[in-house]
There are 2 protein chains.
Amino acid sequence: MARKRQAPAIDPDEPYLQIGEVAERTGVTQRTLRFYEEKGLLRPPTRMDGGFRLYSENDIQRLERIKRLKRLLGFPLAEIKEMVDAEEIKLQLRSEYRPESAISQKKAQLVRAIEVTEKQYNLIRQKVDDMAEMQSKLEERLETFRTWMEHLDKEAAASRKERANV
Amino acid sequence: MARKRQAPAIDPDEPYLQIGEVAERTGVTQRTLRFYEEKGLLRPPTRMDGGFRLYSENDIQRLERIKRLKRLLGFPLAEIKEMVDAEEIKLQLRSEYRPESAISQKKAQLVRAIEVTEKQYNLIRQKVDDMAEMQSKLEERLETFRTWMEHLDKEAAASRKERANV
DNA sequence: CTTTAACTTAACCTTGACGTTGAGGTAAGT
DNA sequence: ACTTACCTCAACGTCAAGGTTAAGTTAAAG
């Protein structure tokens, strides 16, 4: 009944990385890791006896999601937190056992998650639309520039010829 | 001979808005306007005799571009500056007269403009792609959530029925 | 001509997101 | 046991992007 640590299994919950390695692997500083923890973006990792932090693959994945959101959206960390939190409700819901009594509570959580996700979705959709428009404008502009470039080349050729004909 | 303010003519270069009006019309604070000027994002507007700033429609349009880029990309102002600067090379090129001698110089400017625009374009394209992917993931997740919601509802109904049957 | 509203610069304050020491505790190799 | 690398927390520093007075100037209205 009791699940023992399977032999070579790489349980993503198994914490084994120290902060230095995480920093190196993910490209953020140790300070940033502690800072994110402090701000609730990363939940406190398990510690070894001496107090050293030990991170799991899950922690790293969460961090990568944070990085991605930050890069893409450029939002304040507080909002990023909301977003990743919403992502993880999924996992939380899945992992909870099911006393019948808690159904309504789970429902409430789910409702909340749906709200947040919808908000996110709309926000992203809006952004994608706006940026797509900007993208096509840039494309147009490039066309214009290249046309001008051709004109300039012709002008230059013409003026060279003229001078040669004098 | 002296051009008085033509009756209905709205030369976009004609400066006539004081900082307060600009702030109100664009929704940024006066401080922000001065700050952007200080940082080179807005070129120094013309001043009236007493030193009051007078903005033109062009200035406002530039500001709107800045706002838009900021909102969409969330980049630091330094980068936003580069972008709007690049946009304006276009106008500069258009407004320059054409001594034959300057063709090669204009060409160099144009090359530069194309480079910058291409960089911008690629950057935006990358972002749009990433965000589109994120968008579709969010869509999926919403589907999942809604399905779970249905399950929860059914469970709840079942448990109600059970209790009624005891 | 005075009052008031809008503007000026300058200086300091705030918040977010970390960077950078400093003083020590822990782990690992020799 | 010692050294060295890695870690702990705490505290102060910094930079961006403005916000917030303060003290004085100008424009406009009565």
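In the text below, chain A, chain B and the rest are named by the order of the sequence lines, each starting its count at 1.
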Item to check | B:E38 CD - C:dA10 C1' separation (whole Å) | outcome: 10 Å
Item to check | Atom pair distance, as rounded to whole Å: CG in B:L33 and P in C:dC7 | outcome: 11 Å
Checklist entry - Step by step, would you call B:R53 with B:V22 a side chain to side chain contact (heavy atoms under 4.5 Å, CB included)? => result CA-CA 10 Å; B:R53 290 171 176 81; B:V22 176; over 6 Å; no
May I have the list of side-chain donor-acceptor pairs in residues 118-125 of chain A shorter than 3.5 Å, sequence neighbours left out?
{"unit_1": "A:E118", "atom_1": "OE2", "unit_2": "B:R146", "atom_2": "NH2", "d": "2.4"}
{"unit_1": "A:Y121", "atom_1": "OH", "unit_2": "B:E139", "atom_2": "OE2", "d": "3.4"}
{"unit_1": "A:N122", "atom_1": "ND2", "unit_2": "A:E118", "atom_2": "O", "d": "3.2"}

Checklist entry - In whole angstrom, what separates B:L17's CG from C:dC7's P? => result 11 Å
Next on the checklist: Who clusters with A:M48? Use side-chain heavy atoms, under 4.5 angstrom, across I, L, V, M, F, W and Y, and order the result by chain and number.
Outcome noted: A:F52, A:L54
Checklist entry - Expressed in angstrom and rounded to an integer, what is the separation of A:E24 atom CD from D:dA5 atom P? => result 15 Å
Next on the checklist: Could you tell me if the side chain of B:M134 sits less than 4.5 Å from the side chain of A:V128, heavy atoms only?
Outcome noted: no
Checklist entry - Between B:L33 and B:L63, is a side chain to side chain contact (heavy atoms under 4.5 Å, CB included) present by the stated rule, with each step listed? => result CA-CA 9 Å; B:L33 285 167; B:L63 178 57; 3.6 Å; yes
Checklist entry - Atom CG of B:L41 to atom C1' of D:dG18: distance rounded to whole Å? => result 13 Å
Checklist entry - Reckon B:R53 touches a base, only the sugar-phosphate, or nothing at all at heavy-atom distances under 4.0 Å? => result sugar-phosphate
Next on the checklist: Treating primed atoms plus P, OP1 and OP2 as sugar-phosphate and everything else as base, which nucleotides of nucleotides 15-28 of chain C get B, S or - for protein heavy atoms under 4.0 Å?
Outcome noted: --BBBB----BSS-
Item to check | Gap between atoms OH and P, on A:Y16 and D:dC6 respectively (whole Å) | outcome: 18 Å
Item to check | Spacing of A:I19 atom CD1 relative to D:dT8 atom P, expressed in whole Å | outcome: 5 Å
Item to check | Side chains of A:M83 and A:F75 in contact at under 4.5 Å (non-hydrogen atoms) | outcome: yes
